[in-house]
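Down below is the structure, laid out as structure tokens.
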Amino acid sequence: MSGFEEIEKKWQAEWSEKGLDRADRISGRPKFMIIFAYPGVTGFLHVGHLRGYTYTDAIGRYKRMTGYNVMFPVGTHATGNGAITLASRVANKDLDFIDYLTRNGCPEEKLEELKDPMKAVDFFNTIYVNEYWKRFGFLADWRRFTCTVHPDYGKFIQWQFKKLNECDLLMQKPYYSPACPVHGPVAIDASETDISKGGSAEVQEYTLLKFRHGDEYLIAATLRPETVYGQVCFWVNPDVQYTRIKKGNETWIVSKEAAEKLQLQVDGITVLSPIAGKDMIGWMCKAPMIHKDVPVLPASFSDPNVGSGMVTSVPSDAPDDWISLEALKKDRAVAKKYGLSETLIDSVVPISIISIEGYGDFPAEDIILSMGIDQPGDPRLDEAKKQVYKDGYHMGRMKDICGPFSGMRVEEAKDKMKQAMIDSGEAEVFYDLTEEVVCRCGMPVRVKRIDDQWFIDYGNEELTERTSEHCRHMEIYPPEFNENVHTTLRWFRERACVRQGNWLGTRFPVDEKWIIEAISDSTLYPLYYIISLYANDGRISPDNMTEEFFDHVALGKGDAEEVSKNTGIPKDVLDDIREDIKYWYPLDINLGGKEHMTVHFPVFLFNHRAILPDNMQPKGILVNWYITGKKNKISKSKGGAQPIPGAVEQFGVDPLRLYYAHVASMFVDVEWSEDNVMTYRQRLDRIIGTVEELLTSEEAGGKKEIDEWLISRFNGHSASIEAAMEKYDLRQMATAVYFEMLNDIKWYGRRGGNCKETVTEALRMWIPLMAPVTPHIAEELWSAAGFEGLVSSSQLPAAGPVSGAAEYREEFVREVMSDVIQIKKVTSATPKKIFLYTTPSWRSDVMRMGLEMMEAGALDIPSLTKKCMADENLRKNGKAVSEFVKKAVTDLTRSSSESKKYLIETDEYSLLISAKGFLTEELGADVEVFSSDDPDAYDPHNKSKAAVPGRPAIYLE
RNA sequence: GCAGGGGUAGCCAAGCACGGAAAAGGCGCAGGACUUAGGAUCCUGUUCUUAGUGAUACAAGGGUUCAAAUCCCUUCCCCUGCACCA
């Protein structure tokens, strides 16, 4: 056979030529529509991504071969700022990035046009389709390709949002989002898709506490409003410049950084005069809630970038506060420097407010002592803080001095106290990020209030209930997700669905200043693949694609004549689209990576349920896990993984496809390993070699027992594959096809099988089963075998009957062989002769009786013994019989009656006689077979007495 | 924290929803065959013990049962996702 690459090209051309990749409606023929969640266009993909895509193609191919008309469309997702960033990096001559492009095969002259984001999208779209999906031999309907930034797709999304609006699922409310000043709201996540720094940052809610000083307020930001009863002083960093700001008719003092952040979240803030931290030291200010005057003291840990830049001090429960207060009391020089009197310092004493199991009156003190921290600025203070916060929150209870909150659990008191202070005007809410975040464009990301943010109301109970109910009728794998998709749906609340700024995407039809964000424009899109065909070939254009058009083709609203007149689309085209949608929808399988479980899949389900009728609801979801790198996830953005074209060249497409299908269950992560792929390549080589050998073999014998065995085995595999594929279990299928069936066919040859007719029959079963996972090789072998047509468009034959008897008999021979080898090994002798003694017939008789009793449901040792003793012949052997009965009964109760039936029915003697030649050759010694009943048998060591049904006695000489 | 998943040979990994001789299959390793056009192929073995037997063994410990990797409880240890990111 020629090289992989050559046969890949050959058969891909052939499939395309014969139109296997085109999915058209065929009335009356069952259909199967499958997609993978389309990838975002953010750069080159790597070998990990092809895992899920390959599953999709293999399942589609299998369905095609079991009678279905299969539609497998593909597309890409370009909404967002990925392409914009990419283009700007090219435009800015970012060397690392240009190197990344060229390393992955981007020609130099292409760089110029990549400065245009849309061109960049086109560039990658072409790569995804030609270098990844087509290269992998997918039978996708390329005519239907769509991309989220194409104008026709946009029309579809606008229609979808109009429908959501009609269902009252769009709403507006203020929203606090991490936002870039240029690009608007950004996503913060570990993959750092939108941002260049700070992927693990979180938005934290601070309570701003207002401390009155004269007619001004010093503002402290706290994460623990429940600790206000323990406030004893106020920390200001003497080395920081603060500023006064006008907030409504109040004057606040905060750090300059905090002032900037506040302006993003609160209206009408004006910055007034600056004030140095050191000028506030020694002030007295009135603490909220407890209304006590507390002194302002110096603290270096107070960071202007965090919160308001000032901190209220609760030494009892805050390690920083405790250690700073202690330091201040110890080092009187500092107090002196700021003119603080000793009496003032001494008057500040911690107040115990929360009791936590395992801690004393002052949790902060305890944790500091146990961790051995002895001065401010110790880096472990952060850990100490986290620990004591966590324990306090979950196990703590408010002590009796906490007024109306006394006795409450901290978890409960926290919200209540915060709310009480907000209500009395002593506190406000403020949001900040836990660490510095920088947008891809280089600008700092801050939390910003957006007043008129639009949301999709996934919190809608009625919709949630209906969606959840529908999921009960779906096929969702893995089973865990099938279980917890319901909780995921319930956990969803409103989701911001639009954003502003420099983003690619579709204009929000309700208010055009917004652009629909990336998740929200990718929920209903499988439906669009049916329509995209017509937009792509020009039969309809974005101008025609009005709300009325979509209402008609998707929902069956309106009269075709009328719609045709209003849209300018010919009626027959409208009818075709409508019929296509009725034929292809609902979607049978949506396959996607595990990251979709809490993001894409729920909204995919919600939107279908909200907009489309009952008979258009999705039928299945398949989730696949990742291919990982050595230590961490192979990442698109961080590179390091093998580019796809290189891998294809190195290993061949089919070995890669087999690797994905078989290396592990779909539902576990797999560590990428070239050696693994290589072993799959070798396995395919072996299969190819074996088949070629079978085809070219000159030997031609008649049918023997082993022929029946082979066909029975293959029928069994076919049936188990059918069952496995009901659950889309490609791995189990691949085990049968590429391992077990190969082993069987090898064994067949070893046992002297050489019947042309059987071999042909076996290949007709085997090769098509290879077509879903390794289509190119299957095609090549199919043609080499001289079978008609393309195997990819053939139908899998229904599984024939299995012969339990034939399989049992073969197993018996194998056991005998293995036992002899065992004995040879243990004795480390090389025998010249091997004597086999089949069971004495009385033992079979006992077994037979036992089996009868078991089937009658009355098998036990005493009654079987009794029954045996009633037999005159058996009674002669009294002692041996009763001993054997014990063994037989335990034996019988432990295993299925099915296998015991074969055990009794098999004529072991003639079976061994027929296998004599084979055993002699395999074992390298002459084999003699005797029946234990034979009084003249050569048996010098009386081994024959060990013979039982299914287990002949063995003597080596 | 919330939600969920898992611990099976040197390694990867089936089996577990529905209890019925545990180790499918692969990799690795060790012998042997064939022979070095190869990242080969074929055979055998791979917990201990042993004339093919027997004994141990599915994270640890309990329980239910004639019977437990599988069902229940306790403990220990790993992992995943958590929102505007396909």
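Since the structure is predicted, the reported quantities are computational estimates derived from the model, not experimental observations. Naming: A, B, ... by sequence-line order, numbering from 1 per chain.
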Mind checking whether [X] and [Y] have ring centres under 6.0 Å apart?
X      : Y      : answer
A/Y680 : A/H662 : yes
A/Y525 : A/F604 : no
A/Y38  : A/W133 : no
A/F455 : A/Y175 : yes

Is the cationic atom of A/K943 (NZ for Lys, CZ for Arg) positioned less than 6.0 Å from the six-membered ring centroid of A/Y837 and within 45 degrees of its normal?
no
Under the 6.0 Å and 45° cation-pi test, does A/R751 pair with A/F918?
yes
Watson-Crick or G-U wobble mate for [N], both contacts under 3.5 Å:
N     : result
B/G38 : none
B/C11 : B/G26
B/U80 : B/A3
B/C66 : B/G20

When rounded to the nearest Å, what value does the distance between [atom1] atoms of [N] and [M] take?
N     : M     : atom1 : value
B/C58 : B/A33 : C1'   : 36 Å
B/U49 : B/A55 : C1'   : 8 Å
B/C72 : B/G4  : P     : 15 Å
B/A24 : B/A14 : P     : 14 Å
B/G26 : B/U70 : P     : 27 Å
B/C76 : B/C84 : C1'   : 38 Å
B/U64 : B/A9  : C1'   : 29 Å
B/C12 : B/A57 : P     : 23 Å

Applying a 4.0 Å non-hydrogen cut-off, can you work out what [X] is touching in the nucleic acid: base, sugar-phosphate, or nothing?
X      : value
A/D675 : base
A/R750 : sugar-phosphate
A/S177 : nothing
A/H600 : sugar-phosphate
A/M597 : nothing
A/K824 : nothing
A/I954 : base
A/F739 : sugar-phosphate
A/A953 : base
A/P831 : nothing
A/E595 : base
A/F36  : nothing

The side chain of [X] lies closest to which of these nucleotides: [options]?
X      : options             : answer
A/T487 : B/U50, B/A3, B/A86  : B/A3
A/N484 : B/A51, B/G4, B/C84  : B/G4
A/H49  : B/A86, B/A24, B/U80 : B/A86
A/S818 : B/G26, B/G45, B/G4  : B/G45
A/A664 : B/A51, B/G39, B/A13 : B/A13
A/R683 : B/G26, B/A83, B/A51 : B/G26
A/H662 : B/G39, B/A3, B/G25  : B/G25
A/T735 : B/A86, B/U41, B/A24 : B/A24
A/S665 : B/G26, B/A14, B/C84 : B/A14

Find which nucleotide of RNA chain B each of A/S522 and A/V663 is nearest to by heavy atoms, and output the residue with the more 5' nucleotide.
A/V663
Residue met sooner reading RNA chain B from 5', once A/V498 and A/T598 are mapped to nucleotides
A/T598
Rounded off to whole Å, could you give me the [atom1]-to-[atom2] distance for the [X] and [N] pair?
X      : N     : atom1 : atom2 : answer
A/E494 : B/A83 : CD    : P     : 15 Å
A/R490 : B/C2  : CZ    : C1'   : 16 Å
A/I687 : B/G25 : CD1   : C1'   : 13 Å
A/Y659 : B/C12 : OH    : P     : 14 Å
A/Q822 : B/G45 : CD    : P     : 7 Å
A/R681 : B/G26 : CZ    : P     : 20 Å
A/L658 : B/G26 : CG    : P     : 13 Å
A/R814 : B/U44 : CZ    : P     : 8 Å

Smallest heavy-atom separation, A/E475 atom then A/E726 atom, equals OE2-O, 3.7 Å
Closest non-hydrogen atoms of A/C497 and A/Q453, given as atom of the first, atom of the second and distance, are N-NE2, 3.9 Å
With syn defined as a glycosidic angle within 90 degrees of 0 and anti as anything else, the base of B/A33 is anti
With the six-membered base ring of B/A83 as reference, does the ring of A/W491 sit under 5.5 Å away with planes under 30° apart?
yes
With a 4.0 Å limit, can you tell me whether A/R731 has a side-chain N or O closer than that to the phosphate oxygens OP1/OP2 of B/G25?
no
Within the pair A/R686 and B/C42, is there a side-chain N or O less than 4.0 Å away from OP1 or OP2?
yes
Scan side-chain atoms only and decide if A/T506 and A/Y153 contain a donor-acceptor pair under the 3.5 Å cut-off.
no
Regarding A/H941 and A/Y955, do their side chains bring together a donor and an acceptor under 3.5 Å, going by distance alone?
yes
A/N743 (side chain) and B/G25 (base): donor-acceptor pair under 3.5 Å
no
